[in-house]
There are 2 protein chains.
Amino acid sequence: MALTRRQIEDAAMEILRSYGLADLSMRRLARDLGVQPGALYWHVKNKQELLGVLAGQILAAVPEPDGGRPDGLEDQASGAVGTPEAGSSGDGRGSVRQLALDIRSALLSVRDGADVVSLAQAMTPETLPAINTLRRLLERGGLSAQHAAWGARTLTHCILGSVAEEQTHADLAAAGLLPEGAERNNDDEAFLFGVDAVLAGLGLAGRP
Amino acid sequence: MALTRRQIEDAAMEILRSYGLADLSMRRLARDLGVQPGALYWHVKNKQELLGVLAGQILAAVPEPDGGRPDGLEDQASGAVGTPEAGSSGDGRGSVRQLALDIRSALLSVRDGADVVSLAQAMTPETLPAINTLRRLLERGGLSAQHAAWGARTLTHCILGSVAEEQTHADLAAAGLLPEGAERNNDDEAFLFGVDAVLAGLGLAGRP
DNA sequence: ACCTGAACACCGTTCAAGT
DNA sequence: ACCTGAACACCGTTCAAGT
């Protein structure tokens, strides 16, 4: 019956999904697993490492972008995105845009997902594969290695910042503490506006 | 001799500057002031409110952008910025760029400044004047109200994300925990690359 | 190898009671 | 009005000792 690292990770993810980052403590985790807090430290180095793993799992749901230069259908468009050119086509700008949307859906699918990934990425940057893919796509889009790296970081900041804002407001709304008149229906549009601005600024053409 | 709210804020800022956000606790603050923890709560609602005030003070160091459309000299260029068109001229894009640089210097001047402002802004968005100025400048640059608001948020995410990354690495370096070979000299260039990309993407012309 | 028990050194916040 | 004393309900982490 011995406690597994896998069980710890799963229980942690469960707390995150159901109660959010504020409720994810090592002691709470141990309680849920019916074990003493110290027991966790035989399987896990510390809380930071655990959060890093959770961040990786959250982003593992991001699909790899389609290969060379296809024109196939992209999956998982997270509801209605609004803008006309939503379908995206082949490579260059479309795939980066689609990847940004996919990262966003992955983050949104877990409570406080953006905060978890931000924490993990602050400690161990350039480690998360999804962000690395962002960089690779920019490079394939014609940017130099340096510009692609900087561009990927800029996009990452926009994505994480935007989704974190979105989720924080969702948390506040759930807690019933909203200043008043907080409509906030056009998060999708706001997100795409930011991403598209960065992409345009990086010189990624809309339609080659 | 009664404890003042002012003293609390100053002591808090002092801890922040000298030891960073991780060391800024209500209990530590009380100890430094030679008072019981509970005493703080007569002058301050809670820790969150205090952090919000600190965030405001950090950004209060950001100079207001020059008036109508001058061509005067801008102050406080935070060391060498690298890129050729550093001087900036008049209004439109230059002033936004300069404001972004000024916000960055203000954040960098306090340990973990970006994290403090991020926390504060997450709870009470659209409250910090410097970020509002960003939006006003974009609107004056020809963007619609909606696009200016979204553009300001995008810029804010880039600035806060970029500086937070920078400061986290500084903290890790100070703690002596760096993976190895962490050069990281070109933070200025990386920052400007991101900001310029967003500005270009927003349609702000380089030289009218 | 894997876990308990117990400790160490902390948190934020509240609130009766004192002055 | 302003603060103390003391509590409440927590943290992350370590580590001897048990099995």
Side-chain angles (χ1 to χ4, degrees), chain A residues 1-16 18-55 111-112 115-116 118-120 122-124 168 171-172 175-177, chain B residues 1-16 18-55 111-112 115-116 118-120 122-124 168 171-172 175-177:
Chain A
M1 287 230 150
L3 186 59
T4 312
R5 189 183 160 109
R6 180 72 201 278
Q7 289 177 57
I8 296 179
E9 292 173 7
D10 289 354
M13 186 62 100
E14 186 53 35
I15 294 178
L16 202 59
S18 311
Y19 305 96
L21 185 56
D23 282 45
L24 177 49
S25 67
M26 297 302 273
R27 293 184 107 102
R28 163 76 184 270
L29 191 50
R31 209 188 314 139
D32 286 13
L33 287 164
V35 96
Q36 293 292 330
L40 301 177
Y41 290 85
W42 199 90
H43 301 271
V44 157
K45 186 162 173 278
N46 50 34
K47 189 179 180 180
Q48 210 169 103
E49 192 220 24
L50 184 57
L51 285 176
V53 171
L54 293 185
R111 263 244 234 182
D112 301 326
D115 285 320
V116 173
S118 292
L119 283 182
M123 297 297 134
T124 335
T168 298
D171 285 2
L172 291 185
L177 322 159
Chain B
M1 287 232 148
L3 185 60
T4 311
R5 188 181 162 108
R6 180 74 200 278
Q7 290 176 57
I8 296 178
E9 293 173 6
D10 289 353
M13 188 60 100
E14 185 53 35
I15 295 177
L16 202 59
S18 311
Y19 303 96
L21 185 55
D23 282 46
L24 177 49
S25 69
M26 297 303 272
R27 293 184 106 103
R28 162 75 186 269
L29 190 50
R31 208 188 316 139
D32 285 13
L33 287 164
V35 95
Q36 294 291 330
L40 300 177
Y41 289 86
W42 198 91
H43 300 272
V44 156
K45 186 162 173 279
N46 50 33
K47 188 180 180 181
Q48 209 169 107
E49 192 221 25
L50 184 55
L51 285 176
V53 172
L54 293 186
R111 263 244 235 183
D112 301 326
D115 286 320
V116 173
S118 291
L119 284 181
M123 297 297 134
T124 336
T168 298
D171 284 3
L172 291 185
L177 323 158

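Since the model is a prediction, treat every value here as computed from it, not as a measurement. Letters go in sequence order (proteins before strands), and every chain restarts at 1.
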Among the candidates [options], find the nucleotide nearest to the side-chain atoms of [X].
| X | options | value |
| --- | --- | --- |
| B/Tyr41 | C/dG12, D/dC3, D/dG12 | C/dG12 |
| A/Arg27 | D/dG12, D/dC3, C/dC11 | D/dG12 |
| B/Trp42 | D/dC2, D/dC11, D/dT4 | D/dC2 |
| A/Met26 | C/dA1, D/dT13, C/dT13 | D/dT13 |
| B/Arg28 | D/dC11, C/dC11, D/dG5 | C/dC11 |

Rounded to the Å, how far apart are [X] [atom1] and [N] [atom2]?
| X | N | atom1 | atom2 | value |
| --- | --- | --- | --- | --- |
| A/Glu49 | D/dG12 | CD | P | 15 Å |
| A/Gln36 | D/dG12 | CD | P | 15 Å |
| A/His43 | C/dC2 | NE2 | P | 7 Å |
| A/Leu50 | D/dT13 | CG | P | 10 Å |
| A/Lys47 | D/dT13 | NZ | P | 8 Å |
| B/Leu21 | C/dC11 | CG | P | 13 Å |
| B/Leu29 | C/dC11 | CG | P | 11 Å |
| B/Ile8 | C/dT13 | CD1 | C1' | 14 Å |

- How many angstroms lie between NE2 in B/His43 and CG in B/Leu33, if you round to the nearest 0.5 Å? 9.5 Å
- Query: In whole Å, what separates the C1' atom of C/dC10 from that of D/dA9?
  - Reply: 14 Å
- Message: Rounding to an integer number of angstrom, what distance separates D/dC8 and C/dC11 when you compare their C1' atoms?
- Response: 12 Å
- Message: What's A/Ala39 touching, base or sugar-phosphate or nothing? Going by heavy atoms closer than 4.0 Å.
- Response: base
- If you pin A/Asp23 and B/Gly38 to their nearest nucleotides in DNA chain D, which one's is more 5'? B/Gly38
Say whether, by atom type as modelled, one donor and one acceptor occur between the side chain of [X] and the main chain of [Y] under 3.5 angstrom.
| X | Y | answer |
| --- | --- | --- |
| B/Lys47 | B/Leu24 | yes |
| A/Asn46 | A/Glu49 | yes |
| B/Asp112 | B/Leu21 | yes |

- Short N-O contact, B/Glu14 and B/Arg28, less than 4.0 angstrom: no
- Note on the structure: Scanning all shown strands, the Watson-Crick or wobble mate of D/dA1 with both distances under 3.5 Å is C/dT19
- Name the pairing partner of C/dC8, where a pair is Watson-Crick or G-U wobble with both distances under 3.5 Å, or state none. D/dG12
